[in-house]
Student: 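Sending over a structure as structure tokens; questions will come in a sec.
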Protein chains: 2
Amino acid sequence: MTTCDPAAPPAGPGRQELIDALVQASFAAMAALNRVGAEHDLSLTQVRVLAILRDRRVKLSELADYLGLDKSTISGLVDRAEKRGLLQRAPNPADRRAVDVFLTAEGIELAGRGAMEIAHSLSPMLGKLTNAEARRLTVLLKRSLDGGTP
Amino acid sequence: MTTCDPAAPPAGPGRQELIDALVQASFAAMAALNRVGAEHDLSLTQVRVLAILRDRRVKLSELADYLGLDKSTISGLVDRAEKRGLLQRAPNPADRRAVDVFLTAEGIELAGRGAMEIAHSLSPMLGKLTNAEARRLTVLLKRSLDGGTP
DNA sequence: TATTGTTATACTCTATAACTATA
DNA sequence: TATAGTTATAGAGTATAACAATA
């Protein structure tokens, strides 16, 4: 049996320093994504929707799972993006209850342009790293992600 | 003169991979912060407000600068937090136009508890790293932050 | 004139609850 | 019965514009 004191600090020295750095870096990255999105009248959530649909055609329920949001929230999100012509609904061929969503040509174009702008927006943050440092950071972030989001 | 093609990818090999890893890690960290906040009926923005005020007493205009939000947004944010008893307004002694905000005892208590819960919430994500890896990641993230948020 | 804050307004994001249709 | 999606409703977050008080 595992007794878990909810107030216990995470094990290891300097762990709090890592957490602070990660949180700060994450807010900086979110701010960059937000800024790029805002230039195209897109919220952070809409940016995520476009990023997800760039590779996939999914059911609304799957989109809700990816984003961790309620299905009713997804309905509104998809409504507004569809009204803007960025994506489309279509009946799911295998399940008549389900509705698929996928990007329109305009949505694909915007998602592609946005991805490049995001890379550009983050480059001042990452541009100071040498190539070797960038590779090490990539490895460490990926290793962290393996353990995350339970 | 610097001609800057806005569509040009950032220099260096594997840079896109780093950007993807950073964005994914950031969304995971934001999800953890969001989850902890939601357990206390706090939005991500309210979590940030508490974190900022934990160390400082600031004017509303400074809070707006820290958060990158409009002053009218700050008014509402502070209204709701004040109504919950987490912080207080007080006139700024040096400038009669300005209003200071600072945490109440209850706000300090919640901010402290929240910080520990956030550390706990992120530990599954960071717990797989060895102490040496954690130190390297901290250094790399801090070095990135030096160049970021222009 | 410029800055600080508040208020009114409008829109997006979000969840809960109630509903229909399908599995 | 359980799942997929929509709608109605309510509240929080956000920006813009207009305003009062102070610098």
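Here is how names work: the chains are called A, B, and so on, in the same order as the sequence lines, proteins then strands, and each is numbered from 1. Keep in mind that the numbers below use all heavy atoms, side chains included, and drop hydrogens, waters and symmetry copies.
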Student: So which of residues 74-83 of chain A are in contact with DNA chain C, with a heavy-atom cut-off of under 4.0 Å?
Tutor: Leu77(A), Arg80(A)
Student: Taking only residues two or more places apart in sequence or in another chain, which ones pass side chain to side chain donor-acceptor pair (under 3.5 Å) with Ser72(B)?
Tutor: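 Checked Ser72(B) against side chain to side chain donor-acceptor pair (under 3.5 Å); matches are Asp70(B).
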Student: Mind checking what makes side chain to side chain donor-acceptor pair (under 3.5 Å) contact with Glu109(A), not counting sequence neighbours?
Tutor: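 Side chain to side chain donor-acceptor pair (under 3.5 Å) list for Glu109(A), sorted by chain: Arg113(A).
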Student: Where does the chain A footprint on DNA chain C start and end, counting 5' to 3' with a 4.0 Å heavy-atom cut-off?
Tutor: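 With heavy atoms of chain A under 4.0 Å away, the range is dT12(C) to dA23(C).
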Student: Name all residues meeting the side-chain contact (heavy atoms from CB on, under 4.5 Å) criterion together with Asp65(A); count only those two or more places apart in sequence or in a different chain, and write none if there are none.
Tutor: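 Partners of Asp65(A) by the side-chain contact (heavy atoms from CB on, under 4.5 Å) criterion come out as none, since no residue qualifies.
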Student: Under the side-chain contact (heavy atoms from CB on, under 4.5 Å) rule, collect the residues that match up with Val99(A), sequence neighbours excluded.
Tutor: Leu60(A), Arg89(A)
Student: Could you note down all residue pairs passing salt bridge (Lys or Arg N to Asp or Glu O under 4.0 Å) where residues 50-61 of chain A supplies at least one of them, sequence neighbours left out?
Tutor: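 Only Arg57(A)-Asp100(A) qualify under salt bridge (Lys or Arg N to Asp or Glu O under 4.0 Å).
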Student: Tell me, please, which residues at least two apart from Arg96(A) pass side-chain contact (heavy atoms from CB on, under 4.5 Å).
Tutor: none
Student: Quick one: side chain to side chain donor-acceptor pair (under 3.5 Å) partners of Arg97(B), sequence neighbours excluded?
Tutor: Asp95(B)
Student: Quick check: on DNA chain C, is the nucleotide nearest Val99(B) upstream (toward 5') of the one nearest Asp70(A), or the reverse? Name the residue that is more 5'.
Tutor: Val99(B)
Student: Where along residues 85-94 of chain A does a heavy atom come under 4.0 Å from DNA chain C, residue by residue in number order?
Tutor: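 Those residues whose heavy atoms fall under 4.0 Å from DNA chain C, taken from residues 85-94 of chain A, amount to none.
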Student: Does anything in residues 123-142 of chain A form a salt bridge (Lys or Arg N to Asp or Glu O under 4.0 Å)? List the pairs, not counting sequence neighbours.
Tutor: Glu133(A)-Arg143(B), Lys142(A)-Glu17(B)
Student: Just to be sure I understand the geometry, which residues of residues 43-65 of chain B put a non-hydrogen atom under 4.0 Å away from DNA chain D?
Tutor: Ser43(B), Thr45(B), Gln46(B)
Student: So if you build clusters from Ile, Leu, Val, Met, Phe, Trp, Tyr with side-chain heavy-atom gaps below 4.5 Å, do Val101(B) and Leu67(B) land together?
Tutor: yes
Student: Measure the distance from NZ on Lys71(A) to C1' on dT6(D) and round it to the nearest whole Å.
Tutor: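 Value for this atom pair: 9 Å.
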